[in-house]
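Below, chains carry the letters A, B, ... as their sequence lines are ordered, and counting in each starts from 1. For the numbers below, each heavy atom of this structure counts, side chains included, while hydrogens, waters and symmetry mates do not. Values in this document were obtained by computation on a predicted structure and should not be read as measured data.
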Amino acid sequence: MSDQARPVRVRFAPSPTGFLHVGGARTALFNWLFARNQGGAFILRIEDTDLMRSTEESTGRILSSLRWLGLDWDEGPGVGGDFEPYFQTQRLPFYRAAMEQLLGRGHAYYCYCTQEELQARRKAALAQRRAPGYDRRCRYLTNDERMALAEEDRTPAVRFAMPPEGHTVVHDLIRGDVRFANDQLDDLVIMKADGTPTYNFAVVVDDMLMKISHVIRGDEHLANTPRQIRIYEALEYPLPEFAHVSMILGEDGSKLSKRHGATSLAEYWESGYLPEAMFNFLALLGWAYDDKTEIMTREEIIQRFRLDKVNPSPAVFSRQKLDWMNGVYIRGLDQDDLAMRLLPHLLQADLKADEGMTRRLVPLVQERIKVLRDAVELVDFFFTDKLHYQAEGLIGKKMDAADSLQALRRVVDVLEGVPSFDEEALERPLRELTEQLGLKAGQLFGIIRVAITGKQVAPPLFGTLSILGRERTLARLRKAEAALLKLVNDDRV
RNA sequence: GGCGCAUUCGUCUAGUGGCCUAGGACACUGCCCUCUCAAGGCAGAGGCAGGGGUUCGACUCCCCUAUGCGCUACCA
């Protein structure tokens, strides 16, 4: 069914009723990748016909998340295009025209049933174990009956007249042919009584008018596709290609929701995931290049992406794997780049960092953070002189307080006399001291670590000392000395 | 209820009838490296949902069952 070389035009069409969900982001990404791979156009259209739930703020959030991920659109909000407008609420005349066309050709009809009646009948049908679909009673109304209903002041909706028999086959690029019996398709409302179109109608009209060649969207729309196909045909317009990508699930296999943790792209952005890592990770959710390649640049992914290689089964969003991948990308960043990305996170955590200081910290954290925000607790001790730790933590492994105190005093002596606080200048004498004291490196360095950072787990020692500087280091060591002395004395009492 | 989609290690996946004694990655376990934590190296454990066919031969094709999910709205 491939049309003879229609230019590739795909679209992502979110409804602005919240933020951009990772599932939506993946759908957008696949559309974008396909467009870029094919040299086609990626169009963004805002489906805001749900007046009650749509907000402008939400539109803004979605756009900024897309930009963050690096998915630029060729047509749509902010950039315009040949098929404006790109907001459905501004396209009402188009839907009305299409509706008139269908009405005129007998492919659609007015339905005077009220929502209450519909609901009651659906309930009754379900109770009797009958199919709950619309019973088509308005479809075969005589003119007189129609007039009578109209007099009652009922504002009609418009329904699409489905062919009552036969079947409709959806040719799906990911799933193959999917066959639906037409008698399963009921006469869906295409235009609500308030004059706004329903989703299934608006998408068809928009995709048609915007000359969309490939409809790549979530799996949940597959069952709607035969209805849409019938509308295309009634409108006498060639079908686009369809590709339905599977859903993204939470760790427990159920539909991804808030209780699974972060679901919006913005949350990942805020906690310090790199857009390039998220891009790579999302691309691999339901698609793979081969049996081993995972880390790929944006360009490599564009070049390698194939729609027919997309996996039809749902995928669980694995935070752990994302974390790993983000770590890989962080480690791959050059130091200045990482510093610039880190700085806002440090500032946000109220650490009084500046560019220069952040640059110096980078080598200390680059290998040990998975998300940018992790750096905060790794380096916070540089930004305060009030350390909170238990004095017991100053006692070295397999040592007692008195031994530790003695060792600490020797450390102070050594560091007072050391000519420079460069890493290299520090390491030699401290290692020699361990030997003199008959201690293992871990014992002595552990004591120093706690004394200057207040933590058992911290970045490498010499780099830390060097950045902290002689004065602050010695001050912290002396405080630790005092704390240990107190411990020793308390023991004696 | 009806219709539809899906089902390979815990997770993401490779696999399109013999290359599979099923490959890679995350996570996990052990060892190595090591000033803690990481990072890194090596090794290990772990899977074709179940049952029938088709075939000389099925992870791969067909059917059934099970399970999960979606649609069945004047939501999108």
Side-chain angles (χ1 to χ4, degrees), chain A residues 13-15 17 47-50 52-54 88 111 113-115 118-119 122 125-126 128-134 155-159 170 172 174-175 178-181 183-186 188-194 196-200 202-203 218-227 244 246-247 249 251 253-255 281 284-295 309 311-325 327-328 331 365-370 378 427 430-431 434 440-450 453 455-462:
Chain A
S15 0
T17 55
E47 307 212 328
D48 54 352
T49 52
D50 184 346
M52 295 309 293
R53 297 191 299 150
S54 299
Q88 286 189 329
C111 172
C113 302
T114 65
Q115 294 197 54
L118 256 15
Q119 211 163 34
R122 189 174 309 121
L126 247 16
Q128 294 169 45
R129 300 253 201 90
R130 284 186 293 112
Y134 180 61
T155 20
V158 175
R159 285 186 184 270
V170 178
D172 190 281
I174 295 172
R175 281 151 222 276
V178 184
R179 194 185 171 93
F180 295 86
D183 59 16
Q184 295 294 324
L185 276 25
D186 64 359
L188 75 161
V189 168
I190 56 175
M191 198 67 90
K192 306 175 210 169
D194 67 2
T196 59
T198 57
Y199 165 76
N200 280 300
V203 225
D219 181 283
E220 67 272 24
H221 295 295
L222 179 58
N224 283 323
T225 307
R227 301 170 223 278
H244 290 92
S246 63
M247 297 200 335
L249 309 175
E251 307 267 352
S254 70
K255 196 174 165 184
F281 177 75
L284 255 23
L285 228 44
W287 173 80
Y289 170 58
D290 60 14
D291 61 344
K292 44 180 71 73
T293 315
E294 298 210 291
I295 304 295
K309 295 282 281 180
N311 197 321
S313 55
V316 172
F317 187 92
S318 165
R319 183 65 170 262
Q320 279 185 322
K321 186 142 186 178
L322 207 214
D323 282 352
W324 164 75
M325 192 171 281
V328 170
R331 275 171 253 134
V365 302
Q366 186 158 25
E367 263 182 10
R368 51 206 107 225
I369 58 176
K370 292 193 183 312
L378 227 37
E427 180 158 3
L430 285 174
R431 289 208 186 269
T434 6
K440 297 235 187 238
Q443 292 177 295
L444 185 64
F445 295 173
I447 297 172
I448 305 174
R449 170 172 298 108
V450 173
T453 70
K455 302 169 194 283
Q456 301 283 348
V457 173
L461 193 61
F462 306 112

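Spacing of P atoms, B:rG17 relative to B:rC62, comes out at 12 Å, to the nearest Å. Taking atom P on both B:rG44 and B:rG24, the two are 10 Å apart, rounded to the nearest angstrom. The separation of B:rC19 from B:rC12, taken at their P atoms, amounts to 26 Å, rounded to a whole angstrom. Using atom P as the reference point in both B:rA14 and B:rU29, the two lie 27 Å apart (nearest Å).
Closest contact between the side chain of A:M247 and the listed nucleotides B:rC12, B:rC69, B:rC74 involves B:rC69. Candidate nucleotides B:rG2, B:rC74, B:rA38 were compared by shortest atom distance to the side chain of A:E367, and B:rA38 ranks first. Residue A:K292 places its side chain closer to B:rG24 than to any other of B:rC71, B:rU36, B:rG24. Closest contact between the side chain of A:F180 and the listed nucleotides B:rG4, B:rU36, B:rC35 involves B:rG4. The A:P312 side chain lies nearest to B:rA6 when the options are B:rA6, B:rC74, B:rC12. With B:rC12, B:rC5, B:rA76 as the choices, the nucleotide that has an atom nearest any side-chain atom of A:K321 turns out to be B:rC12. Distances were taken from every side-chain heavy atom of A:K309 (C-beta onward) to each of B:rU7, B:rA14, B:rA76; the shortest belongs to B:rA14.
At the heavy-atom level, A:R319 lies nowhere under 4.0 Å from the strands shown. The residue A:T49 sits close only to the backbone: its heavy atoms come under 4.0 Å of sugar-phosphate atoms, none of a base. Across all strands, A:L444 comes closer than 4.0 Å to no nucleic acid atom at all (heavy-atom distances).
Neither OP1 nor OP2 of B:rA76 sits under 4.0 Å from any side-chain N or O of A:R53. The side chain of A:N224 contributes no N or O atom lying less than 4.0 Å from OP1 or OP2 of B:rG4. In this structure, A:R122 reaches the B:rA73 phosphate: one of its side-chain N or O atoms is under 4.0 Å from OP1 or OP2. For A:K440, no side-chain nitrogen or oxygen approaches OP1 or OP2 of B:rU34 to under 4.0 Å. The shortest distance between the side-chain N/O atoms of A:K192 and the OP1/OP2 oxygens of B:rA76 is below 4.0 Å. Between A:R331 and B:rA38, a side-chain N or O to OP1/OP2 separation shorter than 4.0 Å is absent.
No donor-acceptor pair under 3.5 Å is formed between the side chain of A:Q184 and the backbone N or O of A:A181.
Contact record, A:Y199 with A:E47: CE1-OE1, 3.3 Å, taken as the closest heavy-atom pair.
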